[in-house]
Trainee: 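The structure is given below, and queries will be raised subsequently.
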Amino acid sequence: MNLLVYPMIALWTLLGIFALPFLFGLCKIFTRWDNGRIMRLLIWFYGRGWVAITSPFVKFSREGFDKVATGRPYVMVINHLSFFDFYCMGLLPFPLGNIAAAVRSWPFKMPWYAPFMRLAGYLDVESLGAAGYLRIGAKILSGGGSVLFFPEGHRSKDGKIQRFFSGAFKLSEETGAKILPLCLTGTDVLLPPGRWWMLPAKVRLTALPPVDPGDFDGPSAHMELKKHTKAMMTEKVAAMRGL
């Protein structure tokens, strides 16, 4: 698996880098989208390539998206198990792939990814601070894009939902954008923290019903929204893991 997958991913990445100017130009001509929207589309397509490359060894499935209106922006929150998690966003149906991820600073230090992340409008939450990522996140949402958070802030080592940070829920409350909870299992078998080689796995991505921030009132509304969303995701992830 690893002798095939890693060289194919490296080749896919190099091909994407060299093809980017041509693809970007075509999208600019035919879609008239802004630069960030085009880059987010291309990154979504790149993620679909990761899924396709690993699919001979990994059984991917998605569910629950029939209850999600795909034409609107969301504040997406997903549990975090593996480095591979974000590439699983290639499983999202179009146009939900219009995602700007809110991540920590370290991915912006990888020179083969950082320029594309910046062009796509990804949020470096550590460098921007709360005021900065809330302002930029609101701008992306108002333009029709979604913002994706890993609210645990780090990968879970036991597969269980960990403590949530509040950034996603503050953004939802301030903008009125609904929370879209996403539950992921199997990537911790595929590529867990502390291991570089992949193993065959079954990866499931499940969308839960969107949560309206308008259902929560008062000065601690975003905390109640966070508590409610975490409870939903904790229950679903446990069920998906067969616990």
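Nothing here was measured: the structure is a model prediction, and the numbers come from that model. Reckoned from all heavy atoms, side chains included, excluding hydrogens, waters and symmetry mates.
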Trainee: Atom CG of Asn79 and atom CD1 of Ile161: how far apart are they, to the nearest 0.5 Å?
Mentor: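 Between atom CG of Asn79 and atom CD1 of Ile161 there are 4.0 Å.
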Trainee: Does any non-hydrogen side-chain atom of Pro213 lie less than 4.5 Å from one of His222?
Mentor: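 Not in contact.
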Trainee: Has the side chain of Trp44 got a donor or acceptor atom that lies under 3.5 Å from a matching backbone atom of Leu92?
Mentor: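 Pair found, side chain donor or acceptor close to backbone of Leu92.
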Trainee: Please answer whether the main-chain N or O of Leu81 pairs with a side-chain N or O of Thr187 as donor and acceptor at a distance below 3.5 Å.
Mentor: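 Pair absent, no side-chain N/O of Thr187 close to backbone of Leu81.
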Trainee: Any chance you could measure Lys178, atom NZ, to Leu225, atom CG, to the nearest 0.5 Å?
Mentor: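 CG of Leu225 is found 12.5 Å from NZ of Lys178.
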Trainee: Just by distance, do the side chain of Arg204 and the backbone of Ser61 share a donor-acceptor pair under 3.5 Å?
Mentor: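 No; judged by distance alone, with no hydrogens or angles, the pair does not exist.
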Trainee: Closer than 3.5 angstrom, by distance alone: can the side chain of Ser172 be matched with the main-chain N or O of Ala177 as a donor-acceptor pair?
Mentor: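 Yes, because the side chain of Ser172 sits within donor-acceptor range (under 3.5 Å) of the backbone of Ala177.
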Trainee: Is the Lys NZ or Arg CZ of Arg62 less than 6.0 Å from the centre of Phe60's six-membered ring, within 45° of the axis?
Mentor: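 Relative to the ring axis of Phe60, which defines the angle, Arg62 lies outside at least one limit.
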Trainee: Verify the cluster assignment for Phe57 and Val189: are they in a single hydrophobic cluster under the rule of side-chain heavy atoms below 4.5 Å apart?
Mentor: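 No; tracing contacts between hydrophobic side chains, which count when under 4.5 Å, never links both residues.
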Trainee: Let me check something: do Leu199 and Leu3 share a hydrophobic cluster, defined by ILVMFWY side-chain heavy atoms less than 4.5 Å apart, either directly or through other members?
Mentor: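 No, separate clusters.
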Trainee: Testing the basics here: between Gln162 and Lys160, what is the closest heavy-atom pair and its distance to 0.1 Å?
Mentor: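 Looking at all heavy atoms of both residues, the closest pair is NE2-O, 2.7 Å.
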Trainee: If we only count heavy atoms from C-beta on, is the Ser166 to Met223 side-chain gap below 4.5 Å?
Mentor: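 Touching, per the 4.5 Å side-chain cut-off.
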Trainee: Please determine whether side chain to side chain contact (heavy atoms under 4.5 Å, CB included) holds for the pair Ile179 and His228, giving the CA-CA distance in whole Å, both sets of side-chain angles, and the decisive distance to 0.1 Å.
Mentor: CA-CA 11 Å; Ile179 293 284; His228 175 77; over 6 Å; no
Trainee: Do Leu14 and Met110 share a hydrophobic cluster (ILVMFWY, side-chain heavy atoms under 4.5 Å, transitive)?
Mentor: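 No; Met110 is not reachable from Leu14 via cluster members.
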Trainee: Find out whether Met240 and Thr206 are in side-chain contact, i.e. whether some heavy atom of one side chain is under 4.5 Å from a heavy atom of the other.
Mentor: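 A side-chain contact exists here, since the closest heavy-atom pair is under 4.5 Å.
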Trainee: Measure up the Tyr46 and Trp12 rings against each other and bin them: parallel (under 30°), tilted (30 to 60°), perpendicular (over 60°).
Mentor: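 Parallel, since the angle between the ring planes stays under 30°.
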Trainee: Any chain of hydrophobic side-chain contacts (each under 4.5 Å) joining Phe18 to Leu23?
Mentor: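 Per the 4.5 Å side-chain linkage, Phe18 and Leu23 are not co-clustered.
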Trainee: Just how far is it from atom CE of Met233 to atom CG of Leu182, taken to the nearest 0.5 Å?
Mentor: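 Interatomic distance, Met233 CE to Leu182 CG, rounded to 0.5 Å: 7.0 Å.
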Trainee: Is the backbone of Trp197 close enough, under 3.5 Å, to the side chain of Arg195 for a donor and an acceptor to pair up by distance?
Mentor: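 A pair under 3.5 Å: yes.
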Trainee: Where do Pro209 and Met232 come nearest, in terms of heavy atoms and distance?
Mentor: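 So the two residues come closest at O-CE, 3.9 Å.
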Trainee: For a 4.5 angstrom cut-off between non-hydrogen side-chain atoms, does Ile43 reach Met89?
Mentor: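 SC-SC contact between Ile43 and Met89 ruled out.
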Trainee: Can we call the ring centroids of Phe83 and Tyr87 under 6.0 Å apart?
Mentor: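 They qualify: ring centres under 6.0 Å apart.
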Trainee: Taking atom NZ as the centre, does Lys28 end up with more than 12 heavy-atom neighbours from other residues, nucleotides or ligands that are less than 6.0 angstrom away?
Mentor: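 Yes, enclosed.
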Trainee: Hey, any chance Leu15 and Ile38 share a hydrophobic cluster, counting ILVMFWY side chains that come within less than 4.5 Å of each other, even indirectly?
Mentor: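 Yes.
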Trainee: I need the Lys202 NZ to Leu190 CG distance, nearest 0.5 Å.
Mentor: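 Lys202 atom NZ to Leu190 atom CG measures 14.0 Å (nearest 0.5 Å).
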Trainee: Between Pro95 and Gly71, which heavy-atom pair has the shortest distance, and what is it?
Mentor: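 So the two residues come closest at CG-CA, 4.4 Å.
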Trainee: Between CZ of Phe216 and NZ of Lys227, what distance do you get to the nearest 0.5 Å?
Mentor: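 Here the rounded value is 10.5 Å.
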Trainee: Please check: side-chain N/O of Arg155 versus main-chain N/O of Ser82, any donor-acceptor pairing under 3.5 Å?
Mentor: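 Not confirmed, Arg155 side chain does not pair with Ser82 backbone.
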Trainee: Counting C-beta onward and ignoring hydrogens, is there a side-chain heavy-atom pair between Cys88 and Val203 closer than 4.5 Å?
Mentor: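 Yes, at least one pair of side-chain atoms sits under 4.5 Å.
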Trainee: Would the distance check show the side chain of Thr234 and the main-chain N or O of Ala231 forming a donor-acceptor pair, the cut-off being under 3.5 Å?
Mentor: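 Checked: no pair found.
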Trainee: Around Phe45, counting heavy atoms of other residues, nucleotides and ligands shown, do more than 12 lie under 6.0 Å from its CZ?
Mentor: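 Not buried by this count: 12 neighbours or fewer within 6.0 Å.
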Trainee: Take Leu20 and Phe116 through the side chain to side chain contact (heavy atoms under 4.5 Å, CB included) test and state the conclusion after the steps.
Mentor: CA-CA 10 Å; Leu20 179 66; Phe116 311 114; 2.9 Å; yes
Trainee: Do side-chain atoms of Ser127 reach the backbone of Asp124 as a donor and acceptor pair under 3.5 angstrom?
Mentor: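 Not a single qualifying donor-acceptor pair exists.
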Trainee: Tell me the closest heavy-atom pair linking Ala207 and Leu180, and the distance in Å.
Mentor: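 So the minimum-distance heavy-atom pair works out to CB-CD1, 4.5 Å.
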Trainee: If you define the side chain from C-beta out and look only at heavy atoms, does anything of Leu148 sit under 4.5 Å from Ile78?
Mentor: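 Leu148 reaches Ile78 side chain to side chain.
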Trainee: Under a 3.5 Å distance rule, please check whether Arg48 uses its side chain to pair with a backbone N or O of Gly90 as donor and acceptor.
Mentor: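 Yes; at least one donor-acceptor contact below 3.5 Å.
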Trainee: If every non-hydrogen atom of Leu41 is compared with every non-hydrogen atom of Cys27, which pair is closest and at what distance?
Mentor: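 Heavy-atom minimum between the residues: CD2-SG, 4.2 Å.
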Trainee: Between Thr229 (side chain only) and Lys226 (backbone N and O only), is there a donor and an acceptor less than 3.5 Å apart?
Mentor: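 Checking the backbone N and O of Lys226 against the side chain of Thr229, no donor-acceptor pair under 3.5 Å is found.
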Trainee: Any Lys/Arg nitrogen of Glu152 or Arg163 sitting under 4.0 Å from an Asp/Glu carboxylate oxygen of the other?
Mentor: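 Salt bridge flag = no for Arg163 with Glu152.
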Trainee: Would Trp50 and Phe84 count as a ring pair (Phe, Tyr, Trp, His ring centres under 6.0 Å) if you check the C-alpha gap in whole Å, the side-chain angles of each, and the deciding distance to 0.1 Å?
Mentor: CA-CA 9 Å; Trp50 273 63; Phe84 198 91; 5.5 Å; yes
Trainee: Hey, mind stepping through Ile136 and Leu128 against side chain to side chain contact (heavy atoms under 4.5 Å, CB included) and telling me if it holds?
Mentor: CA-CA 9 Å; Ile136 297 173; Leu128 289 170; 3.8 Å; yes
Trainee: Atom CD of residue position Glu126 - does it have more than 12 heavy atoms of other residues, nucleotides or ligands inside 6.0 Å?
Mentor: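 Yes, the 6.0 Å shell around CD holds more than 12 heavy atoms from other groups.
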Trainee: Are any of the side-chain heavy atoms of Glu224 and Phe169 separated by less than 4.5 Å?
Mentor: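 Result no, sub-4.5 Å side-chain heavy-atom pair not found.
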Trainee: Just how far is it from atom OG of Ser156 to atom CG of Asp188, taken to the nearest 0.5 Å?
Mentor: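 Going from the OG atom of Ser156 to the CG atom of Asp188 covers 7.5 Å.
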Trainee: Do Phe86 and Val103 have side-chain heavy atoms sitting under 4.5 Å apart?
Mentor: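 No, every pair of side-chain atoms sits at 4.5 Å or beyond.
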Trainee: So, for Leu123 and Tyr133, which heavy atoms are closest and what is the spacing to 0.1 Å?
Mentor: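 Answer, listing the atom of Leu123 first, then Tyr133: CD2-O, 3.2 Å.
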